[in-house]
Number of protein chains: 4
Amino acid sequence: MYYQIIIQLSMNEKQIEILEAAEVLFSTKGFDGTSVRDIAKAANVNVAMISYYFGSKDKLLETLFEDRISGFKMKTDAIYNKNISSFERLEILIDTYIKAMNTNAGLYQILAVEGTIKKRLLISPAFTDLKKFNLEVIGNVINKGIEEGVFNKNSNPILIHATMMGTFMNFQMNRSFLQHVLEFHTEEEYLSYIENELTDHIHKTIKALLTYEE
Amino acid sequence: MYYQIIIQLSMNEKQIEILEAAEVLFSTKGFDGTSVRDIAKAANVNVAMISYYFGSKDKLLETLFEDRISGFKMKTDAIYNKNISSFERLEILIDTYIKAMNTNAGLYQILAVEGTIKKRLLISPAFTDLKKFNLEVIGNVINKGIEEGVFNKNSNPILIHATMMGTFMNFQMNRSFLQHVLEFHTEEEYLSYIENELTDHIHKTIKALLTYEE
Amino acid sequence: MYYQIIIQLSMNEKQIEILEAAEVLFSTKGFDGTSVRDIAKAANVNVAMISYYFGSKDKLLETLFEDRISGFKMKTDAIYNKNISSFERLEILIDTYIKAMNTNAGLYQILAVEGTIKKRLLISPAFTDLKKFNLEVIGNVINKGIEEGVFNKNSNPILIHATMMGTFMNFQMNRSFLQHVLEFHTEEEYLSYIENELTDHIHKTIKALLTYEE
Amino acid sequence: MYYQIIIQLSMNEKQIEILEAAEVLFSTKGFDGTSVRDIAKAANVNVAMISYYFGSKDKLLETLFEDRISGFKMKTDAIYNKNISSFERLEILIDTYIKAMNTNAGLYQILAVEGTIKKRLLISPAFTDLKKFNLEVIGNVINKGIEEGVFNKNSNPILIHATMMGTFMNFQMNRSFLQHVLEFHTEEEYLSYIENELTDHIHKTIKALLTYEE
DNA sequence: CATGAATGAGAGTTCATTCAT
DNA sequence: CATGAATGAACTCTCATTCAT
């Protein structure tokens with residue numbers, strides 16, 4: 001059994017609206033490119049309310065992360081199911097991860113962009129713990145496959161993770177260029193490409209990497 | 001023979017200093033997080049000089065790209081050498097690309113961060129042309145290998161490229177976290193890891209992907 | 001009965017102070033010669049407050065006009081009194097107009113100076129409507145006199161108005177020169193001259209024009 | 001015999017071009033609304049040249065006046081012709097003055113606008129001397145008529161002048177509004193109106209004023 | 001003699017935040 | 001408890017002018 005402790009920050013409706021507005025704006029315009037007035041307007045609240053509720057713009061970003069960070073944590077129930085093969089387990093793992101990235105696209109985007117600037121975000125205990133947990137899950141899945149003799153030895157979870165996430169994020173961050181190159185004219189086409197071709201590609205890549213004979 | 005025309009924008013020393021300062025600051029603090037005063041101070045010039053030489057902060061960013069963009073273009077001499085195997089060619093391709101990303105780390109970083117906000121950068125003709133050229137080179141290398149029967153058919157250059165670049169950039173953008181997880185205490189250790197383990201991993205990944213038998 | 005609707009823009013004390021400071025400064029130093037910092041200092045408020053309350057320096061000027069523009073509208077009660085002769089009516093008209101120009105000297109000055117540059121001011125509906133109304137009143141008074149056979153036919157309200165206003169404004173705009181020529185040493189002397197000699201002259205001029213036999 | 005001393009400031013071609021550009025720009029955009037860069041661009045010269053040739057922007061304005069000021073001085077040959085009646089003399093006077101204002105429209109415009117701000121212009125000896133000379137000419141013409149018994153006694157040249165010039169300038173400064181009210185759609189219509197209707201009106205006004213019997 | 005390069009000063013505006021109510 | 005009012009600081013950019021060449 002796996003217990004999951006969810007720390008639910010108690011928030012009222014307005015606070016939630018502010019966070020939602022902030023998430024959208026930060027991910028599309030960047031943290032520095034978004035003013036608290038933008039957020040207040042989008043959330044339909046008074047400007048002063050942001051300082052009032054969150055202390056400052058910086059703390060708003062941190063709170064946003066703290067609040068959303070649980071979505072970064074992999075759901076492991078299906079992964080740790082013992083009645084499946086290592087390959088099936090791997091597929092579930094990858095699907096789970098991609099789904100999480102798709103669901104939390106805004107947050108991942110913010111993290112990618114602001115993480116390099118506001119390093120604090122990347123090294124906050126809450127975030128590193130989750131990331132380490134995820135890397136551990138990936139490590140567990142790989143080790144299980146190694147034990148079973150179906151995955152290559154010396155497979156590095158950190159590098160596997162970098163490829164899985166990096167490939168996906170590359171599509172998030174170069175959207176404008178790729179839509180242009182792939183000659184997509186609607187948002188739907190792009191999202192569909194991510195869900196199908198890109199996801200298949202990531203599956204294939206990781207599987208190839210784990211089974212490839214040098 | 002491949003001729004390469006390098007358009008050298010004629011700049012004086014001060015202009016070059018400004019661009020260099022801007023590159024460093026934009027890549028570490030973001031475009032919106034960097035003030036023209038920061039740049040002027042770092043470049044040791046008067047604030048007014050940035051408007052004077054580049055027109056505006058926005059145009060400074062564009063000029064920075066135009067000036068640096070040639071570094072994005074793959075050198076193809078070694079790649080198109082006919083006396084090597086497809087595997088050797090692939091290795092050269094990957095090394096060339098990784099080297100380019102390492103050399104232009106600042107620009108890639110800025111592009112990754114600002115590209116999502118200032119979409120103009122990603123879809124400027126100069127940039128898209130270069131990117132298309134690079135994708136074409138990758139496509140050529142892959143197709144040669146397919147013709148020779150050593151690479152899988154249906155290999156997609158765009159996806160291969162996304163994996164190659166995405167994996168690398170993931171290390172650039174999560175530096176703080178990864179340094180922490182990998183327990184590196186110096187910059188050198190990290191750069192060394194990128195040059196060795198990460199580079200090897202990318203080589204292995206792409207090769208696996210192209211030769212993997214489903 | 002003539003009803004007059006006064007649209008009172010609701011303003012707080014600080015806004016009023018800003019407008020008053022702006023009126024003085026714009027009329028003495030010109031719009032472009034006045035900085036928002038000058039206005040803020042004169043109004044004893046923070047610089048940011050001007051943008052805060054009026055949006056921009058340009059909009060401050062527009063608001064100033066909108067707010068003061070009612071003063072441009074002739075009070076017609078006395079003019080349309082039926083129990084007076086056309087000559088008496090004309091005298092009241094002229095006195096009313098001169099009084100309005102004296103009372104709103106600052107605004108007239110700004111309008112005269114900025115109107116040629118910021119043409120928008122001169123052709124704004126609010127302003128043109130009032131001016132047309134005034135011209136109509138002048139036309140009515142003249143026509144009444146023509147009907148009564150005491151004023152010349154073919155008298156043109158626009159030209160009459162130009163003479164009335166132009167003569168007056170000439171004294172406003174050449175104050176420095178005229179004070180020098182007339183050897184006045186105090187402000188009071190000048191104002192007194194305007195109220196007496198100049199006003200008499202305008203009366204005489206218009207009356208002469210309307211009754212002059214060619 | 002009337003001797004006229006023309007002080008010809010020696011200027012080269014570029015200086016003349018600068019003055020011409022400045023006259024146009026100052027009259028349409030105002031002194032403070034015109035930058036030296038605007039002038040340099042319009043005159044097709046280097047920015048530094050304005051300071052170099054004229055010392056400063058302020059001195060450029062002064063030089064412009066000094067250079068153009070001779071145009072303000074009435075040509076008196078025809079006026080002082082002894083073989084004409086006082087009425088003919090008056091007509092010539094008015095025509096001469098209106099023609100001067102039309103010819104030097106730009107300068108009159110600048111003077112009207114900047115004179116209230118830069119009082120120095122209005123009280124410079126060169127300017128006041130010319131103005132006094134003009135007033136004297138007007139006075140002479142009027143006195144001659146009074147002597148001949150055809151003009152009213154107590155006619156004040158300063159007030160007559162204010163009416164003549166004020167009426168004319170009113171049309172210059174309210175051009176946008178008047179074009180709108182008079183429903184003129186071309187510049188030519190307006191200029192034609194000034195040359196015909198307005199000029200006639202001024203003639204009539206002054207004549208009426210001088211002959212009007214109270 | 002003329003000018004491109006450079007600059008300090010100041011322009012209008014927006015910023016995140018504070019505070020009295 | 002929530003907010004309109006207010007503000008100091010900082011922003012980008014333009015200004016007139018200077019000066020070495």
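Letters A, B, ... are given to chains in the order of the sequence lines, protein chains preceding strands, and every chain is numbered from 1.
- The nearest whole Å value for the distance from the CD1 atom in I18(B) to the C1' atom in dA5(E) is 12 Å.
- If you measure from atom CZ of F26(A) to atom C1' of dA16(E), you get 12 Å, rounded to the nearest angstrom.
- Residue pairs satisfying the ring pair (Phe, Tyr, Trp, His ring centres under 6.0 Å) criterion with at least one member in residues 11-32 of chain C, sequence neighbours excluded, are listed as follows: F26(C)-F31(C).
- Counting to the nearest Å, the C1' atom of dA5(E) and the CZ atom of F54(B) are 14 Å from each other.
- Separating the CD atom of Q15(B) from the C1' atom of dA5(E) is a distance of 11 Å, rounded to the nearest angstrom.
- As rounded to whole Å, 12 Å separates atom P of dT17(E) from atom CG of L61(A).
- Under the rule for a salt bridge (Lys or Arg N to Asp or Glu O under 4.0 Å), K14(D) has no partner lying at least two apart in sequence or in another chain.
- In this structure, K59(D) reaches neither bases nor backbone, as no heavy-atom distance under 4.0 Å exists between it and the strands shown.
- A 6.0 Å sphere centred on NZ of K119(D) holds no more than 12 heavy atoms belonging to other residues, nucleotides or ligands.
- Note on Y53(A): only backbone sugar-phosphate atoms sit closer than 4.0 angstrom, heavy atoms only; bases stay farther off.
- The salt bridge (Lys or Arg N to Asp or Glu O under 4.0 Å) test applied to E17(A) returns no partner, not counting sequence neighbours.
- Considering only heavy atoms from C-beta on, Y52(B) stays 4.5 Å or farther from N46(B) through its side chain.
- For the pair K41(A) NZ and dA16(E) P, the computed distance is 13 Å after rounding to whole Å.
- K29(D) places its NZ atom 13 Å from the C1' atom of dT14(F), with the value rounded to the nearest Å.
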Q) Using Watson-Crick and G-U wobble pairs with both distances under 3.5 Å, what is the 5'-to-3' dot-bracket string of DNA chain F, with [ ] for crossing pairs and | for pairs outside the strand? A) .||||||||||||||||||||
For nucleotides 11-14 of chain E, list the nitrogen or oxygen atoms of the protein found under 3.5 Å from its nitrogen or oxygen atoms, one pair per line.
| unit_1 | atom_1 | unit_2 | atom_2 | d |
| --- | --- | --- | --- | --- |
| dA11(E) | OP1 | S35(C) | OG | 3.4 |
| dG12(E) | OP1 | V36(C) | N | 3.4 |
| dG12(E) | OP1 | K57(C) | NZ | 2.9 |
| dG12(E) | OP2 | V36(C) | N | 2.8 |
| dG12(E) | N7 | R37(C) | NH1 | 2.9 |
| dG12(E) | O6 | R37(C) | NH2 | 3.2 |
| dT13(E) | OP2 | K57(C) | N | 2.8 |

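- With sequence neighbours left out, Y53(A) forms a ring-ring contact (aromatic ring centres under 6.0 Å, His included) with no residue at all.
- Protein atom CG of L25(A) is 12 Å distant from nucleotide atom P of dC15(E), rounded to whole Å.
- Applying the salt bridge (Lys or Arg N to Asp or Glu O under 4.0 Å) test to residues at least two apart or on different chains, the pairs with a partner in residues 30-53 of chain D are K29(D)-D38(D).
- Annotation: ring-ring contact (aromatic ring centres under 6.0 Å, His included) contacts of F65(C) (sequence neighbours excluded): none.
- In terms of the salt bridge (Lys or Arg N to Asp or Glu O under 4.0 Å) criterion, residue partners of D58(A) (sequence neighbours excluded) are, by chain and number, K118(A), R120(A).
- Judged by closest nucleotide on DNA chain E, K14(D) is the one of M49(B) and K14(D) placed further toward the 5' end.
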